[in-house]
Peer 1: 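Pasting a structure below so you can have a look.
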Amino acid sequence: MADAQLLELIDAALRAACDAGDLPACETGIRLEQPPQPEMGDFSCNIAMVMAKPAQKAPREVAEIILRHLPQCALIDNVEIAGPGFINFRLSPTWLQEVVREVLVRGERYGHSDEGAGKRVQVEFISANPVGPLHVGNARGGPYGDAVANLLEAVGYEVEREYLLNDGPDNTQFRLFGASVQARVRELLGLPAHMPEDGYRGDYVIDYARELLAAHGEGLGEIAEDEDGFFEFAILGEEVCVADIRDSLEMLGVEFDSWFSERAMFEDGEIDAKLDELWGRGVLYQQDGAVWLRTTEFGDEEDRVLVRQNGAKTYLMSDLAYVDNKLARGFDHLIYVWGPDHAAQVPSVKAGMAAAGVDPDVTEFIVHQIVRLTEGGRVVRMSKRQGTIVSLRELIEDVGRDVTRFFLLSRSVDSHLDFDLELARKESEENPVYYVQYAHARISSILREARQRGFATDDLAEADLSLLAHPDELRLMRWLADYPAEVSDAAAQRAPHRLAHLSRDLAATFHQFYGTCRVIDEEAPELSRARLALVSAAGIVLRNLLGLLGVSAPEQM
RNA sequence: GCGCCCGUAGCUCAGUGGACAGAGCGGCGGCCUUCUAAGCCGCUGGUCGCCCGUUCGAAUCGGGCCGGGCGCGCCA
């Protein structure tokens, strides 16, 4: 590609200048940027300013030296030094024509790369406790984790999506859920029931109880109301709950490769083995009847309990065994997408890994911030107690999958996200999802119309692209040229929200082109073919972009 | 009290050390006998929370304040 060639030329110039003794050796990587104004050129390089200090010369003087050593090349039409010392390059227009051709030839693989080839990454996300339906609060990680996985795949990694089910026998919340399910089942059977103080009182538990009764019959009433009974009901309830979760995830368009059961690590001895290993490493001690891990020696603020006074293992114990389990499965890198309520435990897990002799850097914890629903500028209060939590299912039924995904992905995970229900419901120009999808429908429509009028659309790569010279055409082509770098950046930064902004931007660039450049014109068949090629290329990139977001690209609206 | 995140246009937010800080929504005014007007064009709009520092250059990096959100359990 043109930018890579340009980098080589600049590098050659620097080496030549260095050999000639005009400039000192430079270890700084050269970077190309897009100038803020198109009149400034196609690419801009700041190397002269970076080198000004080591060279002990003024930036513009350094730039002149570099230009003196720049090899001749047909690619470059014009070079100038601008502002404080930028070197601005204007390339021959053919480079953009090549981009259009490349998009058409590579199709859905345009923008992909092999940066991550040969590396296996696991992305674990959502992992909400299997004690109730997914709701808006814990759903943010869904589209996010999925889109990050898509991005990593696009840059060549082998990716697995995993959902961790916190269903261990020592899990207090899970047992509480079991007791709650049991209480509801007994109520339905007319038996004396005991809903725990901090039990799960949502109506959905009654639905779960009904389902269980339908599936297993009245014999459920004979299960004892004790710890064993609670756990039995927790496992029964989990089946119903997980089916429910999978169902809403299907509505969201998220599919996991792997559902990992915490309980399995207890049953096959991995938890105990990990505990023994830690004893052997001398990083544990007993105090107040509990077993503690010396995490303070590895950067944590305080030591953490692994085995409680009552003999039950803590979540940290499971987390540490879980890391081993993941690594044993051959992953090179582990990404955890966690909700804000788990942010505080990141240092403990990292310290725990270090204590266990595992390199904490193989893990990457991404903590997203909360989601609030707003309606008419006011925050929709969500309370578990009052049952006003909005489930993911309800949200999707209300505004649809595409809008749900797009909205949840449109902000940086570091920012709190206000989900504007009113805007989300609008099927109009105010809604950014429809704006982007409309651009795709419009592209499809143009191609349909062209075929109807007798234009072939399957050999557009052979069109005479040199006819594309209108400023809005050039702008669109330039946009397509930058796309691969944007995907690469978004993947590296785990920032799918960039894709949402890009899709908006591409749609706007296309709509603008559409407004000034008539595509189908029987009077000018060659120009029409060139423009159809550009339209088709824009459609491909828009489709790729929406694909990464997991948002559909409609043929018509 | 401690930790994490945020503070940029009326609102919601982009902006990986670079050139006059961007977008959407909102507001005002234009554009359909022509490929989808769910569109386009123009106008309106800013002490990048404040102060110091690092740098040729800071919305961006560091320190200190101020404001807001979320956490801080032998629950997860």
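Numbers restart at 1 for each chain; the letters A, B, ... are given by sequence-line order, proteins then strands.
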Peer 1: For a quick check under 3.5 Å, do A:S348 and A:R304 share a side-chain donor-acceptor pair by atom type?
Peer 2: yes
Peer 1: Who does B:C72 pair with, Watson-Crick or G-U, both distances under 3.5 Å?
Peer 2: B:G1
Peer 1: Closest to the A:A344 side chain: B:C72, B:A19, B:C25?
Peer 2: B:C72
Peer 1: For A:F86 and B:A19, are the ring centres under 5.5 Å apart with planes inclined under 30°?
Peer 2: yes
Peer 1: Side chain of A:K53, heavy atoms from C-beta onward: which of B:A19, B:C56, B:C5 has the nearest atom to it?
Peer 2: B:C56
Peer 1: Please work out if A:Q493 contacts a base, only the sugar-phosphate, or nothing of the nucleic acid, heavy-atom cut-off 4.0 Å.
Peer 2: base
Peer 1: Which nucleotide sits closest to the side chain of A:P35: B:C35, B:A76, B:A19?
Peer 2: B:A19
Peer 1: Other residues, nucleotides and ligands only: do more than 12 of their heavy atoms fall within 6.0 Å of CZ on A:R425?
Peer 2: yes
Peer 1: With a cut-off of less than 4.0 Å, is there a side-chain N or O of A:Y438 near OP1 or OP2 of B:A38?
Peer 2: yes
Peer 1: Is the base of B:C32 syn or anti, where syn means the angle lies within 90° of 0?
Peer 2: syn
Peer 1: What is the base-pairing partner of B:G57, counting Watson-Crick and G-U wobble geometry with both distances under 3.5 Å?
Peer 2: none
Peer 1: Should B:G39 form a Watson-Crick or G-U wobble pair with both distances under 3.5 Å, which nucleotide is its partner?
Peer 2: B:C31
Peer 1: A:H511 side chain: which of B:G18, B:C40, B:U36 is closest?
Peer 2: B:C40
Peer 1: For the side chain of A:R308, starting at C-beta, report the closest nucleotide among B:A14, B:C74, B:A37.
Peer 2: B:C74
Peer 1: Taking 4.0 Å as the cut-off, does a side-chain nitrogen or oxygen of A:Y435 come that near to OP1 or OP2 on B:C40?
Peer 2: yes
Peer 1: Just how far, in rounded Å, is C1' of B:U8 from NE2 of A:H416?
Peer 2: 17 Å
Peer 1: Can you establish whether the number of heavy atoms outside A:E522 located under 6.0 Å from its atom CD is more than 12?
Peer 2: yes
Peer 1: Just the rounded figure in Å: distance from C1' of B:G26 to CG of A:N431.
Peer 2: 15 Å
Peer 1: Would you say the side chains of A:D303 and A:Y285 form a donor-acceptor pair under 3.5 Å?
Peer 2: yes
Peer 1: Counting the atoms with a prime plus P, OP1 and OP2 as sugar-phosphate, which does A:D341 contact under 4.0 Å by heavy atoms, base, sugar-phosphate, or nothing?
Peer 2: base
Peer 1: Closer than 4.0 Å, any side-chain N/O of A:H501 to the OP1 or OP2 of B:G22?
Peer 2: no
Peer 1: Base, sugar-phosphate alone, or nothing: which one does A:D489 contact when heavy atoms must sit under 4.0 Å apart?
Peer 2: base
Peer 1: Compare the minimum distances between each of B:A19, B:A38, B:A23 and the side chain of A:S44, then state the nucleotide with the smallest one.
Peer 2: B:A19
Peer 1: Between B:A14 and A:S415, is there an OP1 or OP2 to side-chain N/O distance shorter than 4.0 Å?
Peer 2: yes
Peer 1: Answer with base, sugar-phosphate or nothing: what part of the nucleic acid does A:A82 contact at a heavy-atom distance below 4.0 Å?
Peer 2: base
Peer 1: Contact class for A:P59 (heavy atom, under 4.0 Å): base, sugar-phosphate, or nothing?
Peer 2: nothing
Peer 1: Under 3.5 Å for both donor-acceptor distances, Watson-Crick or wobble: does B:A14 have a partner, and if so which one?
Peer 2: none
Peer 1: For A:F455, does the six-membered ring have the charged nitrogen or CZ of A:R529 within the cation-pi criterion, i.e. under 6.0 angstrom from the centroid and within 45° of the normal?
Peer 2: no
Peer 1: In terms of side-chain heavy atoms of A:R504, which of B:C13, B:G24, B:C35 is nearest?
Peer 2: B:G24
Peer 1: Of the candidate nucleotides B:G18, B:G39, B:A76, which contains the atom at the shortest distance from the side chain of A:N46?
Peer 2: B:G18
Peer 1: A:E301 or A:E555: which one's nearest nucleotide on RNA chain B is closer to the 5' end?
Peer 2: A:E301
Peer 1: If pairing requires Watson-Crick or G-U wobble contacts with both distances under 3.5 Å, which nucleotide is the partner of B:U47?
Peer 2: none
Peer 1: By the 4.0 Å heavy-atom rule, please label A:D198 as base, sugar-phosphate, or nothing.
Peer 2: nothing
Peer 1: Mind checking if A:R453 touches a base, just sugar-phosphate, or nothing, with heavy atoms under 4.0 Å?
Peer 2: sugar-phosphate
Peer 1: Just N and O in the side chain of A:Y514: are any of them under 4.0 Å from OP1 or OP2 of B:A37?
Peer 2: yes
Peer 1: Evaluate the criterion side chain to side chain donor-acceptor pair (under 3.5 Å) for residue pair A:D402 and A:S552; output intermediate values, then yes/no.
Peer 2: CA-CA 7 Å; A:D402 288 339; A:S552 69; 2.5 Å; yes
Peer 1: Determine whether the side chains of A:R453 and A:S528 contain a donor N or O and an acceptor N or O closer than 3.5 Å.
Peer 2: no
Peer 1: Of the options B:C13, B:C6, B:A19, whose atoms approach the side-chain atoms of A:R411 most closely?
Peer 2: B:C13
Peer 1: When rounded to the nearest Å, what value does the distance between P atoms of B:A59 and B:A9 take?
Peer 2: 15 Å
Peer 1: Answer with base, sugar-phosphate or nothing: what part of the nucleic acid does A:A52 contact at a heavy-atom distance below 4.0 Å?
Peer 2: nothing
